[in-house]
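Okay, so here's the structure we're looking at.
All of these numbers come straight from a predicted model, not from anything done at the bench. Chain letters run A, B, ... following the sequence lines, proteins first and then strands; every chain starts at 1.
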Amino acid sequence: MNRIPITLLVNGEPYSLAVPPNKTLLEVLRDDLELMGTREGCGVGACGACTVLIDGVPARSCLTLAVDVQGLSITTIEGLAEGDELHPVQEAFVERHAIQCGYCSSGMILTAKALLDKKKRPTKDEIKRAISGNICRCTGYAKIEDAIATAAKKLATPSK
Amino acid sequence: MTEASLIGKSMVRSDTVAKAAGQALYTADLKLPRMLVGKVLRSPHPHARILNIDTSRAERLRGVKAVITGRDGHGVKWGVFPYTQDHDMVPTDKVRYIGEEVAAVAAVDEETALEALSLIDVEYEPLPAVFTIEEALKEGAPLVHDQYKNNINVHVHIEVGDTQKAFKEADIVLEDTFEAAGEMYGMLEPYAVVAHYTPDGYLDIWMPNAGPHVRAKALSNLLKMPLNKIRVHHINSGGAFGGRSEISPGDFVTSLLAIKSGRPVKLVYTREETSIATRQVHDIVARIKTGARKDGTIIAKEFKVYYNGGAYSSTGPIATSIPFYVYEETYRLPNLVYDGYRILTNRPIRGMYRCHGRAFLAGNAMHMDKIAEELGMDPMDIRLKNGIRAGETTATGSKIISCGLQDAIKAAARKSGWKKKRGKLPPYRGIGMGCLAIMCGFPMGFRSGSSAYIRVNEDGDATIVSGVVDNGQGNESMMVQIAAHILGIPMDSVNLVCSDTEVTTHDPGAYSQAAAFVTGNAVRLAAEDARDKILTAAAQYMKVDKTRLALKDKMVYLKDDPEKAIKLTRAVRYAMSKGQHIQGYGTYIPKISFDREWVKNPYGQMAGTFSYGTSIAELEVDPETGIVRLLRMVVAHDCGNPINPMAVEGQLEGSVAMGGTATILEEHVWDGGLQLNSDFLEYKMPLSVDMPDIDTILVRSMDPEGPFGAKEGGLTISMSAYKAIANAFYDATGVWLKEFPYTPDRVLKALQAKEKGRR
Ligand code: FES
Ligand code: FES
């Protein structure tokens with residue numbers, strides 16, 4: 001298949017590559033950029049494991065064509081931490097036991113971050129609804145919701 | 001200085017920072033040099049003879065490096081037991097379900113591999129097939145395997161007391177049939193395998209699994225390779241729930257492709273393949289007869305339970321037994337006859353599941369409530385009355401050494417407002433209760449035990465070597481916590497090397513609730529052994545009696561004079577300079593009956609100990625739409641003593657989703673042998689918005705054998721949540737709904753039937 005040259009901006013870094021027009025963003029992230037933190041759970045848009053942020057909005061990378069997101073800013077889970085310093089949402093997920101097998105965690109954390117970027121103090125209901133497109137088979141969601149509420153508090157307190 | 005305790009503290013799990021950062025690796029993330037892509041050709045027929053397979057066109061395709069069929073294997077059939085060896089991982093004679101492995105290819109990329117599959121020509125002769133239990137049992141029905149007459153794969157017969165006499169003496173006798181459709185395991189990570197074979201005869205292999213050592217042994221049998229040349233590596237696993245206990249055809253296929261091509265091969269299943277061609281859950285039909293005295297004592301039980309097992313034995317004898325055992329471990333049953341039949345059909349293979357047995361277990365729970373109602377008893381009291389207690393022995397002979405059932409019932413009742421609510425909620429709103437016990441480890445013969453090894457380094461940090469495996473439940477972190485506690489060092493000073501079969505010690509694996517009780521004990525003993533060696537060295541160095549010393553904060557100190565202390569590193573280095581390296585070893589095997597056997601001798605001590613739990617569900621039924629809405633679940637679990645309370649809570653909450661919310665959502669739907677909902681769009685798993693409010697309660701029975709009193713952490717809720725929901729549904733509607741799941745169609749049908757009955 002013919003390849004189309006594109007430039008992707010992922011976690012602040014530009015990548016120039018040539019991709020077939022039918023290649024998904026998920027495939028490009030994993031196969032070409034080797035950013036394995038973006039997971040595939042279903043491949044049909046149903047589970048949210050492949051969630052990335054596109055210009056700050058959660059999107060399913062398994063349903064997104066790489067050629068369609070040129071010039072947009074893409075954030076994957078690898079782009080959240082600053083060196084060894086986890087992002088407050090990641091920290092909260094660790095502290096509040098929101099992670100069991102971890103397979104949903106990348107997508108959950110990015111979805112949560114997008115929510116908290118928009119809403120400083122989301123209600124319980126808003127949290128539930130924000131993650132309702134992300135399946136977690138392990139936790140029953142309670143600790144994930146708790147972690148997101150904890151992260152909201154962390155983000156509200158200015159760090160020393 | 002007081003003893004520093006890490007046990008019972010909610011500690012951050014040792015594995016979750018890497019997972020939060022997106023840096024934890026799962027099998028599909030692995031890349032090796034010159035790695036090929038594997039793909040499997042699957043049967044389009046539910047039952048057909050294979051007349052011929054021609055792979056020559058596929059082999060000639062550019063980029064194809066290997067094509068295999070069953071003929072590339074050694075003709076060895078897999079079975080968990082000697083009498084269930086019936087599974088040819090890639091069959092050569094006939095296929096038995098839609099989706100079964102027929103051939104596989106390894107190619108330079110996915111497109112080539114898929115094209116190669118389309119070039120394999122298979123000639124089939126379709127055979128008549130059976131899909132349901134009734135069809136399979138019909139006189140003259142086609143046989144799935146010739147050796148299983150009437151398609152009866154396993155028959156478990158258990159008899160205790162004099163059941164017929166007891167039924168005659170009973171004041172109340174009930175008899176009902178309960179049915180449940182099978183579910184999807186739905187682990188979020190699709191199944192994947194990476195294999196690499198080198199010409200000197202070594203096979204390196206990665207896959208998500210719940211028992212690396214048993215996996216390696218199975219591969220060794222099937223590939224006819226020595227055990228120590230097969231190395232199952234550690235890798236993160238994206239969930240198991242009972243579905244990753246056994247060897248998978250994917251392991252075998254990928255190994256053969258790697259051997260034949262001489263290159264590493266990665267096989268990643270699609271979601272549909274994961275749901276069809278790994279394992280799914282048995283459909284169950286349970287006929288239950290119960291006899292009780294006027295005072296509410298259950299005195300007789302007769303069970304006929306049919307499990308639709310799909311095409312092969314898998315863990316059949318275990319799956320056919322477990323629902324019964326978890327029931328007899330919960331209640332006193334003086335007289336009973338259990339007949340469990342696992343029936344083979346032309347559907348995919350069914351395995352053990354975290355919530356296995358819902359028709360049988362919820363059926364028994366409904367009977368208990370029915371009896372309570374007839375006698376005007378509180379459903380809570382009838383459970384307290386019949387519930388087993390520590391010191392008693394189960395019907396088939398397991399001694400109970402610790403039991404928090406009574407406490408779990410009372411605590412959950414208190415928290416849920418049971419007394420105020422039961423029978424008193426407004427119409428279409430109800431509350432119900434269910435209880436359960438679970439064995440901490442199945443009897444697995446010589447595999448029942450675990451051992452561990454711990455080395456303390458010159459910097460005072462330690463490395464544990466254990467066969468433990470973690471599918472997300474926190475087993476790895478639990479071992480780190482136990483060792484850190486005993487050695488008086490922080491958790492991040494402990495490294496764990498685990499589930500790598502060529503490096504680590506033996507372990508039964510994580511599919512029989514054995515990790516806390518069995519593996520935890522082995523790690524505890526290893527750490528205690530290491531501690532003893534440290535204290536011996538320190539005693540020599542400090543010239544004091546060893547019994548006066550203890551460990552804390554990387555120091556060795558005098559218990560009666562804590563100011564006198566030396567650094568742990570000093571003690572370790574002193575020991576090393578004397579040639580006494582600090583290496584601890586521990587091994588633990590639970591006290592079980594080794595002569596018990598699932599089919600031939602189902603009597604004797606089943607496990608070292610048992611956990612107990614109670615679920616209380618509160619729900620609402622919409623009579624117009626048939627939608628059941630779970631409002632609140634209160635769950636109490638006796639895990640002996642929680643090593644990491646927040647981790648146990650997480651298990652309970654996950655259990656509410658999988659055993660509770662799933663009761664109103666989950667079932668596989670079929671057209672004959674074709675699964676109609678094998679992806680996540682069609683198969684409905686609980687989402688955040690489907691979940692009730694959850695209250696978790698940890699009951700502490702301090703098991704005398706468990707490490708720090710600990711037992712298994714959570715499965716009693718996975719298998720009792722649906723019991724509570726069934727009884728809550730009756731409380732809400734006055735209808736015993738005997739068919740699972742409680743989807744709107746079933747609910748409406750049941751409500752309409754009740755209306756008709758009234759008119
Ligand atoms: S993998 Fe994209 S939504 Fe499931
Ligand atoms: S932690 Fe396993 S799927 Fe969410």
Side-chain angles (χ1 to χ4, degrees), chain A residues 1 20 27 30-31 34-47 49 76-81 84 86-87 89-107 109-110 125 127-145, chain B residues 10 12-13 15-26 28-31 111 185-190 208 236-241 268 270-271 470-474 644 646-647 649-658 660-661 679-682 685-691 693-694 696:
Chain A
M1 204 179 296
E27 289 168 324
R30 292 181 55 89
D31 301 348
E34 299 193 341
L35 292 168
M36 297 307 196
T38 309
R39 320 277 179 203
E40 174 166 353
C42 68
V44 295
C47 75
T76 71
I77 190 69
E78 290 90 348
L80 279 200
D84 275 352
L86 293 182
H87 184 276
V89 177
Q90 291 171 308
E91 254 176 36
F93 267 63
V94 169
E95 286 163 15
R96 304 309 299 161
H97 279 237
I99 300 173
Q100 289 187 22
C101 82
Y103 207 78
C104 69
S105 306
S106 303
I109 289 169
L110 288 166
D125 219 53
I127 293 175
K128 261 188 195 288
R129 257 180 291 134
I131 59 164
S132 66
N134 292 64
I135 294 176
C136 175
R137 192 58 162 165
C138 301
T139 64
Y141 304 101
K143 299 246 181 290
I144 293 177
E145 291 162 18
Chain B
S10 288
V12 161
R13 273 173 53 169
D15 57 325
T16 51
V17 169
K19 287 174 176 174
Q23 303 284 4
L25 293 178
Y26 300 81
D29 303 337
L30 298 179
K31 281 190 177 176
E111 264 171 46
Y185 286 88
M187 50 294 255
L188 205 57
E189 177 201 17
N236 286 295
S237 160
F241 317 117
V268 180
T270 63
R271 173 51 55 188
D470 197 324
N471 296 108
Q473 63 276 71
N644 192 340
M646 230 199 248
E649 282 166 27
Q651 290 307 298
L652 302 184
E653 290 155 358
S655 294
V656 167
M658 203 174 246
T661 316
D679 68 27
F680 281 175
L681 287 172
E682 297 300 324
M685 300 202 293
L687 302 172
S688 56
V689 287
D690 301 317
M691 292 299 295
D693 290 333
I694 306 172
T696 56

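- Both the backbone and the side chain of A/Ile135 come within less than 4.5 Å of a heavy atom in chain B.
- For the set B/Asn644, B/Thr270, B/Thr696, B/Val268, the entry with the most heavy-atom pairs within less than 4.5 Å of chain A is B/Asn644.
- The two residues B/Ala21 and A/Leu86 come nearest to each other via the heavy atoms CB-CD2, 4.1 Å.
- Among all heavy-atom pairs drawn from A/Gly140 and B/Ile694, the shortest one is O-CD1, 4.4 Å.
- One distance of note links CE of A/Met36 with NZ of B/Lys31; it measures 4.5 Å at 0.5 Å rounding.
- With chain A as the partner, the residue from B/Ser237, B/Pro208, B/Pro190 showing the most heavy-atom pairs under 4.5 Å is B/Pro190.
- For A/Phe93, the ring-ring contact (aromatic ring centres under 6.0 Å, His included) test picks out no residue, with sequence neighbours left out.
- Per-residue heavy-atom pair counts under 4.5 Å with chain B were compared for A/Cys136, A/Gly102, A/Ala142, and the maximum is reached by A/Gly102.
- Contact annotation for A/Ser105: only side-chain heavy atoms (C-beta onward) come within less than 4.5 Å of a heavy atom of chain B.
- Between chain A and the options B/Ala240, B/Ala647, B/Ala657, heavy-atom pairs under 4.5 Å are most frequent for B/Ala647.
- Here CZ of B/Phe680 is found 7.5 Å from CZ of A/Arg137. Values are rounded to the nearest 0.5 Å.
- Not a single donor-acceptor pair under 3.5 Å links the side chain of B/Arg13 to the backbone N or O of A/Val94.
- For the set A/Ser106, A/Ala130, A/Cys138, the entry with the most heavy-atom pairs within less than 4.5 Å of chain B is A/Cys138.
- In terms of heavy-atom pairs under 4.5 angstrom with chain B, the leader among A/Gly37, A/Gly133, A/Ala46 is A/Ala46.
- For A/Tyr103 against B/Tyr26, the heavy-atom pair with the smallest separation is N-OH, 3.5 Å.
- If you take CD1 on A/Ile77 and NZ on B/Lys19, they are separated by 13.5 Å, rounding to the nearest 0.5 Å.
- Annotation for B/Val689 and A/Ser132: closest pair CG1-CB, 3.8 Å, computed over non-hydrogen atoms.
- For chain A, the nearby part of B/Tyr185 is the backbone; its heavy atoms alone come within less than 4.5 Å.
- Contacts of B/Asp690 with chain A are absent, with no heavy-atom separation under 4.5 Å from either backbone or side chain.
- With a 4.5 angstrom heavy-atom cutoff, A/Arg39 touches chain B only via side-chain atoms.
- Both the backbone and the side chain of B/Asp29 come within contact range of chain A, with heavy atoms under 4.5 Å apart.
- Distance check: B/Ser10 OG to A/Arg96 CZ gives 8.0 Å after rounding to the nearest 0.5 Å.
- Checking A/Gln100, A/Lys143, A/His97 one by one against B/Glu653, the side-chain contact (heavy atoms from CB on, under 4.5 Å) holds for a single residue, A/Lys143.
- Atom-to-atom distance recorded for A/Cys101:SG and B/Glu189:CD is 7.5 Å, nearest 0.5 angstrom.
- Of the two parts of B/Val17, the backbone and the side chain both hold a non-hydrogen atom closer than 4.5 Å to a non-hydrogen atom of chain A.
- Between chain A and the residues B/Gly474, B/Gly239, B/Gly654, B/Ala18, the largest count of heavy-atom pairs under 4.5 Å involves B/Gly654.
- At least one donor-acceptor pair closer than 3.5 Å links the side chain of A/Lys128 to the backbone N or O of B/Ser688.
- Interface remark: A/Tyr141 contributes side-chain atoms only to the contact with chain B (heavy atom separation under 4.5 Å).
- In this structure, the portions of B/Ala28 lying under 4.5 Å from any heavy atom of chain A include both its backbone and its side chain.
- Heavy-atom distances place no part of B/Asp470 under 4.5 Å from chain A, backbone and side chain included.
- Most heavy-atom pairs under 4.5 Å with chain A: of the set B/Asp679, B/Leu188, B/Thr16, this distinction falls to B/Leu188.
- Neither the backbone nor the side chain of A/Glu91 comes within less than 4.5 Å of any heavy atom of chain B.
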